[in-house]
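Every chain is numbered from 1 and lettered A, B, ... according to where its sequence line falls, protein lines coming before strand lines.
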Amino acid sequence: MSFQAPKGTFDWLPPRSERVLAVREALAAPLRLAGYGYIETPVFEDTQLFARGVGESTDIVTKEMYTFPDKAGRSLTLRPEGTASVVRAVLQHNLHAGQLPVKLWYSGSQFRYERAQKGRYRHFWQVGAEALGAEDPALDAELIVLATRGFASLGLKNVRLLLNTLGDKNCRPAYRAALQDFLRGLDLDEDTRARIEINPLRVLDDKRPEVQAQLSDAPLVVDHLCEACKAYHDEVRSLLREAGVAFEDDPKLVRGLDYYTRTTFEFVHGGLGSQSAVGGGGRYDGLSEMLGGPPLPSVGWALGVDRTFLAMEAEGLLGDDAAHERVQVYGVPLGDDARRRMFLLIDELRAAGLSADMAFGGKGLKGAMKGAGRSGAAFALILGERDLAAEAVQVKDLATAEQTEVPLAKVVDVLKGKVQ
RNA sequence: GUGGGUGUAGCUCAGUUGGCAGAGCGCCAGGUUGUGGUCCUGGAUGUCGAGGGUUCAAGUCCCUUCACUCACCCCA
């Protein structure tokens with residue numbers, strides 16, 4: 001084997017790959033019902049878009065981006081997340097000049113240069129949604145509800161919703177300073193001490209027990225919220241409760257991107273190995289301005305398609321993907337004349353809306369019939385010299401082994417009736 | 001960036017104190033010259049990840065390296 005997929009990437013193969021398409025569709029379906037419009041943005045962007053949007057101090061920007069110069073010397077980066085691109089597109093095309101909020105959804109690949117492990121790959125897929133230009137707790141709640149509907153429609157039962165707020169530009173600076181004071185007094189390693197100065201909230205999210213043990217008395221953002229943030233957060237929580245969406249308050253939930261304000265949330269699942277998030281998001285009221293646009297308070301989320309897939313696997317929802325129907329009808333030609341006629345007949349069947357395949361490669365009857373069996377087809381069409389002479393074809397029901405001769409001129413209609 | 005585990009057939013994996021390269025599944029063919037899915041019989045497929053070393057002899061022991069994988073940091 002001479003070539004392999006690049007490190008940290010993988011291939012989706014049939015029949016499993018079909019399930020991935022279905023997962024994407026299921027996660028997006030609630031968004032369509034809620035009036036979100038589909039947006040597709042380039043897979044690569046100006047490096048500065050992510051540096052300024054995602055945050056210069058995050059590890060994503062400092063060491064996890066696929067950044068490269070193009071032939072003209074521009075610095076481009078494969079997108080590590082979707083939100084910055086969507087905000088850029090909205091600003092570039094003045095979508096926010098119309099009625100607000102602008103509601104958009106996307107589905108596509110993201111790239112991060114990380115050491116791969118279960119649920120974490122260098123190339124991964126997200127379905128995302130963004131609602132730009134409105135500050136309304138109902139919008140935050142709507143997005144969260146839509147995500148839970150998507151997960152539920154896939155049959156997932158063990159997705160938990162963690163909810164927090166990060167405050168805004170009025171109350172966060174004071175909280176941040178209080179947290180820094182507290183953290184500076186702890187016994188921490190060098191990297192973590194450095195993080196206290198650039199992104200102290202991230203320290204709360206450290207998984208190491210020796211770190212968590214020291215954080216039990218850490219100041220929490222919920223205790224430092226201004227009145228407006230507190231009221232906003234209470235309203236989001238109240239709307240979720242009324243919508244019947246279960247959530248857990250997690251005062252230490254902090255997300256990895258710098259642009260979040262107020263509402264933040266994460267959907268977690270226990271079946272993904274050490275990675276637990278199947279999706280997450282929050283409000284990013286300052287991002288538009290960071291990117292040179294007008295104030296555009298917004299909220300959004302992204303759900304990991306491959307992680308959702310792992311969660312479904314952990315819950316046993318994928319079933320047996322070996323037993324699935326590939327086509328409805330399968331052609332078994334015997335000899336060159338029959339092969340030419342079968343080729344046309346299969347095309348006619350497809351034109352009539354039936355899925356159909358045939359034996360290729362000059363297989364004998366036995367091998368071709370095996371192919372028919374493996375295709376999952378309900379009917380095999382057997383066509384040999386005797387049948388050609390009679391202008392007919394043998395239609396075999398592969399479940400009952402019952403076989404009938406049907407005139408070639410009528411076989412498309414007959415099969416349409418049989419497989420409806 | 002750091003640490004652990006694993007690399008043997010298309011897939012999942014056995015392979016003992018170093019002694020002829022294996023099984024199951026899958027694939028191909030035949031049993032059945034125009035009939036699949038069951039059954040029976042037969043067959044093909046290997047740089048034992050790669051390179052070096054020890055040895056009469058290495059899949060097995062040693063060194064190096066690469067890949068995969070899981071975990072840490074970080075993150076969806």
*Check whether any side-chain heavy atom of A:L188 lies under 4.5 Å from a side-chain heavy atom of A:I196, and answer yes or no.*
yes
_Under-4.0 Å side-chain N/O to phosphate OP1/OP2 contact, A:Q117 with B:rC72_ = yes
*What is the distance from CD of A:E385 to P of B:rU35, rounded to the nearest Å?*
15 Å
*For the side chain of A:K118, starting at C-beta, report the closest nucleotide among B:rC74, B:rA76, B:rC70.*
B:rC70
_Please pick, from B:rU35, B:rC72, B:rG34, the nucleotide with the shortest atom-to-atom distance to any side-chain atom of A:K396._
B:rU35
*asked:* Side-chain N or O of A:R112 versus OP1/OP2 of B:rC74: is the shortest distance under 4.0 Å?
replied: no
*Using the ring pair (Phe, Tyr, Trp, His ring centres under 6.0 Å) rule, collect all pairs that involve residues 135-163 of chain A, keeping only residues at least two apart or in two chains.*
A:F151-A:F267
_For a quick check under 3.5 Å, do A:R52 and A:Q48 share a side-chain donor-acceptor pair by atom type?_
no
_Looking at the base of B:rC74, is there any donor atom on it, or on the side chain of A:R115, that sits under 3.5 Å from an acceptor on the other one?_
no
*What is the nucleic acid contact for A:Q110, judged by heavy atoms within less than 4.0 Å: base, sugar-phosphate only, or nothing?*
nothing
_When the C1' atoms of B:rG7 and B:rU60 are compared, how many Å lie between them, rounded to an integer?_
14 Å
_is_close_aromatic(A:W125, A:F10), centroid dist under 6.0 Å_ = yes
*Contact class for A:K7 vs. all strands (heavy atom < 4.0 Å): base, sugar-phosphate, or nothing?*
sugar-phosphate
_Please determine whether a side-chain nitrogen or oxygen atom of A:R374 lies at a distance below 4.0 Å from atom OP1 or OP2 of B:rC27._
yes
_N or O in side chain of A:S274 less than 4.0 angstrom from B:rC72 OP1/OP2_ = yes
_A:Q4, nearest nucleotide to its side chain (from B:rG37, B:rU35, B:rA67)_ = B:rA67
